[in-house]
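This report concerns only the one structure given below.
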Amino acid sequence: MRKNGIINMINGPVIRGKNMANFKMREMVMVGSKKLIGEVIILDGDVGTIQVYEETEGLKLGEEVISTEKPLSVKLGPGMMGNMFDGIQRPLVEINKINKDFIPEGIGLLSINQEKLWEVTITVEVGDILSEGQIFGYVQETSLIKHWLLVPPNKSGTVSSIATNKNYNIEDVLVILEGENKQEQLKMYHEWPVRVPRPVKERKEIEKPLITGQRVLDIFFPLAKGGTCAIPGGFGTGKTMTQHQLAKWSDADIIIYIGCGERGNEMTEVLEDFPKLIDPKSNKPLMERTILIANTSNMPVAAREASIYTGITMAEYYRDMGYDVAIMADSTSRWAEALREISGRLEEMPAEEGYPAYLSSRVAEFYERAGSVESLNGKEGSVTIIGAVSPAGGDFSEPVTENTKRYVNVFLALDKELAYSRHYPAINWLDSYSGYIKVLEQWYEVNLADDSIKLRNKMLELLNNENKLQEIVMLVGEDVLPDDQRLVLEIAKLIKIGFLQQNAFNSQDTFVPLKKQYRMLWIIDYLYEKCRKLLVLNVPISQIKNQSIFDEIIKMKYTVLNDDLSKIDEIQAKINEYYDELEKKYLV
Amino acid sequence: MKKEYLKIDKIIGPLIEMSNVNDVFFGEVVDIMSSDGVIKKGKVIKIEEKKVVIQVFENTSGLSTNNSSISFTKEAFELSLSKEILGRSFDGLGRPLDQGGAIYSRNKLNINGRPINPVARKYPRDFIQTGISSIDALMTLIRGQKLPIFSGNGMTHNELAAQIVRQAKLGEGSSEDFAIVFAAIGVKHDDADFFKKSLMEANAMDRVVMFINYANDPIAERINTPRCALTVAEYLAFEEDMQILVVMSDITSYCEAIREVSSAKEEVPSRKGFPGYLYSDLASLYERAGMLKDKPGSITFLPILTMPNDDITHPIPDLTGYITEGQIVLGRELFQNNIYPPVNILPSLSRLMKDGIGEGYTRSDHPDVANQLFSSYSKVQEIRSLAQIIGEDDLSEVDRSYMKFGRVFEDEFISQGFHENRDINQTIDLAWKILRILPKDELDRINPDLIDVHYELKNDGE
């Protein structure tokens, strides 16, 4: 039995206790008579500093700090899918039952439901030798997700007995392993410390894109399964909207959405929307593959810091079962600010803009937990991290954006000007980049079209070119440009309005299959080449720009059906008809 | 028996430090009596070994290190609440400013409140008509929303807020009870008087609760003012089932008070000297707006802040914008051109309007029209800067129609009288009238079917 600590300092979410020589770094503790949950973050002699995950008002000097003898951990087992947790994995629905409407302090540690019975299928037999991370059974967690039961890392042995019934709760012992010198009991769940990455057999190369149904992403700046992506943008530029779109439509098996220090109503919106939305692949409600973690901006700041780790640990757990998991963190800036706030209370020496010097290494540690892996049981899975960044004042040179940029491969810069003119998604095509073009090139060639990447590069070049021309236009007006440059402007407008702008509220346009995305860009290019050919013949631009064809292309996102692309061929036929006619006229 | 302590170690600005104090809890309210018998209130904000730091809500001048007596009340900061509170005015600590005497009730609430559980929230969808075209059409206010007004010094934000308070239809179409909670945070006397007067004109005084902290009142009291106001709002909305509109002016003074106290505490500053926790602190105010699933009441929150130097990237508007559900931005240029209300629509936004407008809420053509106005007006800005270089005469015909559209839009749509109340139908019809200045094929954000219905009206309608 260890001695309890005694509180001797209270400063907001940071408290200090003495008599804590036996406590461990990063250990979870209960603070005071209300048993607030906290974590040891500094040990100095017998004085320990603790960050508390709940409101500390009412605490007194001399109250106790009780050790739990384990690090801040989450319970990994069935019951997480479709659920909504706070930053330290306490289910918000359960909390609401304890105290209606508002979140109280001192409710202790709740986690996944311990009473619910699951129908378990054990896949091992007595005498089997199990090593760490191996599968010993499964549970159908939701209609979409088969939850494989894993031997916890660092446990192994020979199966000496297995449970024979079918229905169990997560606390029941399912399998007993005889280890080398001790017996191990396997339950449906195991605990894992959130700050420690789960072990894998090996990290694999990234080779598949994460298809999102968003044109600007899939064609221009593709994400990859197992990759990393940052979405920075000032307020009102559509970070959350983009994150929601990705959570709804990306082709990951599992989505973990972390609302980290963001608006309460946004989480409510997700909670109301997702159960109604149907996954296009499986025709099941999206909620069946989604876990929500909500630590809104007015919930305690230390739990906000932890929420990111809670989310990524859950993601790694499902990855180990062989799923492709995408984790949306909205927003990582709030997490960084939580670090700064706590660092300030610890009176640490600040680096840039008051952020602690370890900001960069924390950001790196987080994004490095993404990856495509072969897990300990041989299944292949991945964790993709998509982090929103909310740069102060919309300035991308601030520390969080800068540090994030160094560790992510896809950078989707959201642009205020685009958002002001209601160009959504407001992703700036000049400032954004994807580092996965090279590795995904082959996938696109095999699965989409030989020239898809080439086409993308060509169109991106055209947009770049247009940007330079716009500077001239701003000075002298459009009319004085030569016709070939005016054509570039016209085609760029088509790409911007007809292709890059995507309407999240339109049922056809909110999610677009890759094939249609490609064909849409292809037909714009087709038109471009047709027009160029005529320019050589000195046909005036007023003739070349056929309003009805251009209009039709702008509207094709609505008129061409997602599952029937024949309309594109019709447009092509119209283009041929008009421009061939024109060509004949001028050739003579 | 309350213990009294007679020795203060240190007084810096609004903070006092004491030692050898026992049995104090974090956040406890303290009474400090100076030698002349005046009682000042304070709160414990840090406890370290035997040392306690107390933030005094009132002016510390007159206190000295050994002529004061300090007693700990064993209570956190709470307000007594009953329905009697309607029609009353208080100072920033909840002490009556009028002749009505204190509110007595067994119902006491901690002014810090508690975070609303996201699963208990109801997603706001009900449109509130403010009668102001630019707001109703383009940044629609939704019941339960927090929508700040970003203004600048000297601009007409107070008039706008007063007009919204006067015209907003909070409880339309039902017998629902509504009330207004107004918090003046570090405002000038004449600004506070202006609000009082306009509320009286609107015959709303018996539905108003006021918390007033004048610009020359102690800054630590300022930190409490919005919390008192929001606690009353929560009580009225969620215990008395009322529809509450909270108006606060000026959040900038609040943030500056936070900075002043933070620097007295010798905390590490982040941007512009504001403490690193400013975001969390502001969130603890703004997030108290909203609706609950099982309660009919609501809190709609309209904070006003003046952007220092009109800079929207300044930490106060910046952090606010990240928490609130949009913003109404007032523009200096419009203001100088005598346009009231000078709402600069391009950076303005209502995040909740997408679910609260259109068929079944306002009008089926509302979303497209709003989109088109934004997009066309943003084009007007481009063409204006082009016109400055090459002159308006050299613009193409289409561009000239945009120039005209821009002018008429500002003069007739954005601009409206202080007493002019336009309903949503008038507003959207007006929008169509102005959109007709543009050629039909420039309206690329509107569904062609709607254009067929509304654009052609010109010929027979007028």
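Treat the numbers as computed from the prediction; the structure is a model and nothing was measured. Numbers restart at 1 for each chain; the letters A, B, ... are given by sequence-line order, proteins then strands.
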Exercise for the section: Check the pair B:Phe238, A:Asp101 against side chain to side chain contact (heavy atoms under 4.5 Å, CB included), reporting the backbone distance first and the verdict last. Expected result: CA-CA 10 Å; B:Phe238 302 136; A:Asp101 301 334; over 6 Å; no
Exercise for the section: Any chance you could lay out the side chain to side chain contact (heavy atoms under 4.5 Å, CB included) test for B:Ile389 and A:Leu475, step after step, and finish with the verdict? Expected result: CA-CA 7 Å; B:Ile389 297 163; A:Leu475 289 176; 4.2 Å; yes
Handout entry: Derivation of the side chain to side chain donor-acceptor pair (under 3.5 Å) call for A:Arg263 and B:Thr324
Key = CA-CA 8 Å; A:Arg263 303 177 183 88; B:Thr324 53; 5.6 Å; no
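Rounded to the nearest 0.5 angstrom, A:Glu94 CD and B:Asn117 CG are separated by 11.0 Å. If you take OH on B:Tyr123 and OG1 on A:Thr268, they are separated by 9.0 Å, rounding to the nearest 0.5 Å. Residue A:Glu63 holds its CD atom at 13.0 Å from CZ of B:Phe26, rounded to the nearest 0.5 Å. Considering OH of A:Tyr420 and CG of B:Asn344, their distance stands at 8.0 Å, rounded to 0.5 Å. Put simply, CD1 on B:Ile312 and CZ on A:Phe235 are 4.5 Å apart, with the number rounded to the nearest 0.5 Å. To the nearest 0.5 Å, the span separating CD1 on A:Ile103 from CZ on B:Arg114 amounts to 10.5 Å.
Of the possible donor and acceptor atoms, none in the side chain of B:Arg271 sits under 3.5 Å from a partner among the backbone N and O of A:Glu353. Put simply, the side chain of A:Asn11 never gets that close to the backbone of B:Ile47: no donor and acceptor are under 3.5 Å apart.
Side-chain contact between B:Pro115 and A:Phe102 is absent, with no heavy atoms from C-beta onward closer than 4.5 Å. For the pair B:Arg121/A:Glu269, no side-chain contact is recorded, criterion being any heavy-atom separation below 4.5 Å from C-beta on. A heavy-atom distance below 4.5 Å is not found between the side chains of B:Asp281 and A:Glu341.
Every side chain to side chain contact (heavy atoms under 4.5 Å, CB included) that A:Ala302 has, sequence neighbours left out, goes to A:Gln51, A:Tyr53, A:Ile342.
Here the shortest heavy-atom pairing between A:Arg340 and B:Ser270 reads NH1-CB, 3.4 Å.
Between chain A and the options B:Val24, B:Asp399, B:Asn22, the largest number of non-hydrogen pairs under 4.5 Å is found for B:Val24. In terms of heavy-atom pairs under 4.5 angstrom with chain A, the leader among B:Asn371, B:Asp318, B:Leu386 is B:Asp318. With chain A as the partner, the residue from B:Asp23, B:Leu285, B:Asp294 showing the most heavy-atom pairs under 4.5 Å is B:Asp294. For the set A:Glu417, A:His423, A:Lys555, A:Gln501, the count of heavy-atom pairs under 4.5 angstrom toward chain B peaks at A:Gln501. Of the residues considered (A:Lys416, A:Arg304, A:Gln547), A:Arg304 shows the highest number of contacts with chain B, using heavy-atom pairs under 4.5 Å. Chain B forms the most heavy-atom pairs under 4.5 Å with one residue out of A:Gly354, A:Ser343, A:Ser333, A:Gly264, and that residue is A:Gly264. Contact tally against chain B (heavy-atom pairs below 4.5 Å) for A:Gly344, A:Ala294, A:Gly236: the top residue is A:Gly236. Of all the listed residues (B:Ser280, B:Gly144, B:Gly27), the one sharing the greatest number of non-hydrogen pairs under 4.5 Å with chain A is B:Ser280. Interface summary for chain A: among B:Ala289, B:Gly321, B:Gly276, B:Ser348, the most heavy-atom pairs under 4.5 angstrom belong to B:Gly321. The greatest number of non-hydrogen atom pairs below 4.5 Å with chain A, out of B:Ile323, B:Ile390, B:Thr313, is found for B:Ile323. Among A:Gly394, A:Gly12, A:Ala419, the residue with the largest count of heavy-atom pairs under 4.5 Å with chain B is A:Gly12.
Looking at B:Arg351 and A:Thr240, their side chains never bring a donor and an acceptor atom within 3.5 Å of each other. Side chain to side chain, A:Glu57 and B:Asn110 meet the donor-acceptor criterion of an N or O pair below 3.5 Å. Between the side chains of A:Thr296 and B:Glu287, no donor N or O sits under 3.5 Å from an acceptor N or O.
The contact between B:Val268 and chain A is made entirely by side chain atoms (from C-beta outward), counting heavy-atom distances below 4.5 Å. For B:Asn112, the part sitting under 4.5 Å from any heavy atom of chain A is the side chain, from C-beta outward, and nothing else. The parts of A:Met474 that come within reach of chain B are both its backbone and its side chain, each placing non-hydrogen atoms under 4.5 angstrom from that chain. Heavy atoms closer than 4.5 Å to chain B are found in both the backbone and the side chain of A:Pro391. Interface residue B:Pro269: only backbone heavy atoms are found under 4.5 Å from chain A. In this structure, chain A has a heavy atom under 4.5 Å from the side chain of B:Lys146, while its backbone stays farther away. A:Leu271 touches chain B through its side chain: at least one heavy atom from C-beta onward sits under 4.5 Å away, while N, CA, C and O do not. Heavy atoms closer than 4.5 Å to chain B are found nowhere in A:Asn503, neither backbone nor side chain. Only the backbone of B:Glu382 comes within contact range of chain A, with heavy atoms under 4.5 Å apart. Of the two parts of A:Tyr558, neither the backbone nor the side chain holds a non-hydrogen atom closer than 4.5 Å to a non-hydrogen atom of chain B. In this structure, no portion of B:Pro315 lies under 4.5 Å from any heavy atom of chain A. Using a 4.5 Å cut-off between heavy atoms, B:Leu292 contacts chain A through its side chain alone, with no backbone atom that close. For A:Ile497, the part lying under 4.5 angstrom from a heavy atom of chain B is the side chain only. Looking at B:Asp394, neither its backbone nor its side chain comes within 4.5 Å of chain A, counting heavy atoms on both sides. For chain B, the nearby part of A:Val301 is the side chain; its heavy atoms alone come within less than 4.5 Å. The part of B:Asp355 that comes within reach of chain A is its side chain, from C-beta onward, which places non-hydrogen atoms under 4.5 angstrom from that chain.
By the neighbour-count criterion of 12 heavy atoms within 6.0 Å, atom NZ of B:Lys295 is densely surrounded, having more than that number from other residues, nucleotides or ligands. Within a 6.0 Å sphere centred on CD of A:Glu478, other residues, nucleotides and ligands contribute more than 12 heavy atoms. Shown here is B:Glu266, whose CD atom has no more than 12 heavy atoms of other residues, nucleotides or ligands within 6.0 Å.
Annotation: cation-pi geometry satisfied between A:Arg334 and B:Tyr322 (NZ/CZ under 6.0 angstrom from ring centroid, within 45° of ring axis).
Salt-bridge annotation for A:Lys60 and B:Glu28: absent, with no side-chain N of the basic residue lying under 4.0 Å from a carboxylate O of the acidic one. Look at A:Arg16 and B:Glu48 and you find a salt bridge, because one of the NZ, NE, NH1 or NH2 atoms lies within 4.0 Å of a carboxylate O, short of that distance. Salt-bridge formation is detected for the pair A:Glu347/B:Lys46: a Lys NZ or Arg NE/NH1/NH2 atom is positioned less than 4.0 Å from an Asp or Glu carboxylate oxygen. Salt-bridge formation is detected for the pair B:Arg125/A:Glu272: a Lys NZ or Arg NE/NH1/NH2 atom is positioned less than 4.0 Å from an Asp or Glu carboxylate oxygen.
Residues from residues 372-381 of chain B that place a non-hydrogen atom less than 4.5 Å from a non-hydrogen atom of chain A comprise B:Phe374, B:Ser375, B:Ser378, given in numerical order.
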